[in-house]
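Read the structure below first, then the notes.
Everything numeric here is computed off the predicted structure, so don't read it as measured data. Chain letters run A, B, ... following the sequence lines, proteins first and then strands; every chain starts at 1.
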Amino acid sequence: MPELPEVEIVKRALEPAMVGRRVKRLVFNRADLRFPLPEGLPLALQGQRIERLLRRGKYILGFAENGAGFVLHLGMSGAVRIEPPAGTSLHEKHDHVEFHMDEGPRVVLNDPRRFGFLDAVGREDCQDYPALAAMGPEPLGNDFNAEILAVAIKGRKTPIKSALLDQRIVAGLGNIYVCEALYRAAIDPRRRAGDLNAKECTALCMSIRSVLRDAIEAGGSSLKDYKHTDGQLGYFQHHFAVYDRVGQGCGACECDIVETGGVQRIVQAGRSTFFCPEKQG
DNA sequence: CTCCTGTCCTGCCGGC
DNA sequence: TGCCGGCAGGACAGGA
């Protein structure tokens, strides 16, 4: 589910709930999600004040004053719920992890498919955490630009669609925002990544940034199950030009009334790709 | 190296 | 109404 914009929104909501507060108790309601839950984490965090949360790609990291910390990934179906301190602490199906904060809300991780994971990582060695160490630049940061992107995809024979899903090339993109970014840049998702010229890399870079910014501003995209930590829905899904819009017009050309028949769906590397053959052909 | 496939798991939707 | 197959936002291992 959650790609960079959704994770960013979750992280922003978690800050007032967690930062500056102590972890009264960290509770695991089962032994594993995608991977075994870190047995030592509850003790390492108990009584510790959370100093900082940060997002890297689709990961949320949190560090306590003693240097202990965690890395959280929501996978496809993971969601975070923040329950007010005085509220009746409702338990829902698939509530796997609960952060009970001192004099504060309860932060609940719910993940039906359990593709997400929570791991322990110290503040000092998070740079060495494998998934983070190999991760490409933050698309909204200063380290991402057309030249960097061009170097990263140089010589790659894989379709540009698949390349952009590779977190080592650029961090945080998933299937939705890759489709939308390629659409905005008017690039055919089937093109070989290494074949893009400098101008196209520039357009793609700008498109990636704009679609992510727009999505964050719109509160992310709520499809099957993504919700904000308070249960509210994002509304960027209403702004999709191509994602899950087979047969419909993309909105920018007359693709729906010419013979091409609007947005098309193809499968690349086992994933759905949506594109407008008129604009991106 | 690079690229692709299969796999983890549950829920939901459409077809029969 | 109910059952079944297919599909879903991600990431990793393993094999070609």
Problem set entry | A:G155 or A:H94, whichever maps to the more 5' nucleotide of DNA chain B | A:G155
For this session: Determine: side-chain N/O of A:Q167 to OP1/OP2 of C:dA11, distance under 4.0 Å, yes or no.
Result: yes
Exercise. Would A:F70 and A:F99 count as a close aromatic pair, with their ring centres under 6.0 Å?
Worked result: yes
Exercise. For A:D166 and C:dG10, what is the distance between atoms CG and C1' respectively, to the nearest whole Å?
Worked result: 12 Å
For this session: Figure out the CG/C1' separation between A:N175 and C:dC7, and round it to whole Å.
Result: 12 Å
For this session: Please determine, by modelled atom types, if A:S221 and A:Y177 share a side-chain donor-acceptor pair under 3.5 angstrom.
Result: yes
Exercise. What orientation do A:Y59 and A:H73 show, parallel under 30°, tilted 30 to 60°, or perpendicular over 60°?
Worked result: perpendicular
Exercise. Can a side chain N or O of A:R34 be found less than 4.0 Å away from OP1 or OP2 on C:dC12?
Worked result: no
Problem set entry | Below 4.0 Å: OP1/OP2 of C:dA11 and any side-chain N or O of A:H73 | yes
Exercise. Would one find a side-chain N or O of A:R271 under 4.0 angstrom from OP1 or OP2 of C:dG10?
Worked result: yes
Exercise. Over how many whole Å does the gap from A:R168 atom CZ to C:dC12 atom C1' extend?
Worked result: 11 Å
Problem set entry | Pairwise P distance for B:dC9 and C:dC3, with rounding to whole Å | 23 Å
For this session: Specify the separation, in whole Å, of atom CG of A:D244 and atom P of B:dC13.
Result: 12 Å
Exercise. Rounded to the Å, how far apart are A:M76 CE and C:dC7 P?
Worked result: 13 Å
Exercise. Which whole-number value in Å describes the distance from A:I153 CD1 to B:dC3 P?
Worked result: 11 Å
Exercise. Distance check: side-chain N/O of A:R114 vs OP1/OP2 of B:dT10, anything under 4.0 Å?
Worked result: yes
Problem set entry | side-chain N/O A:Y59 vs C:dG10 OP1/OP2, d < 4.0 Å | no
Seminar exercise, completed: If pairing means Watson-Crick or G-U wobble with both distances under 3.5 Å, then the partner of C:dA8 is B:dT10
For this session: If the plane angle is over 60° it's perpendicular, under 30° parallel, otherwise tilted; pick one for A:H239 and A:F236.
Result: tilted
Exercise. Do the side-chain N or O atoms of A:S77 get closer than 4.0 angstrom to the phosphate oxygens (OP1, OP2) of C:dA8?
Worked result: no
Exercise. Hey, is the side chain of A:K157 poking within less than 4.0 Å of OP1 or OP2 on B:dC3, counting only N and O atoms?
Worked result: no
Exercise. Under 4.0 Å: is that the gap between some side-chain N or O of A:K58 and OP1 or OP2 of C:dA11?
Worked result: yes
For this session: Determine the interatomic distance between C1' on C:dG9 and the same-named atom on B:dC3; round to the nearest Å.
Result: 22 Å
For this session: Mark yes or no for whether A:Q268, through its side chain, and A:P189, through its backbone, hold a donor-acceptor pair below 3.5 Å.
Result: yes
Exercise. Partner of C:dT1 by Watson-Crick or G-U wobble geometry, both contacts under 3.5 Å, or none?
Worked result: none
Exercise. Between A:T158 and B:dC4, is there a side-chain N or O to OP1/OP2 distance below 4.0 Å?
Worked result: yes
For this session: Starting from C1' on C:dG10, measure out to CG on A:L33 and report it in whole angstrom.
Result: 14 Å
Exercise. Atom CZ of A:R265 and atom P of C:dC7: how far apart are they, to the nearest Å?
Worked result: 7 Å
Exercise. Using the C1' atom in both, what is the distance from C:dG6 to B:dG6, to the nearest Å?
Worked result: 16 Å
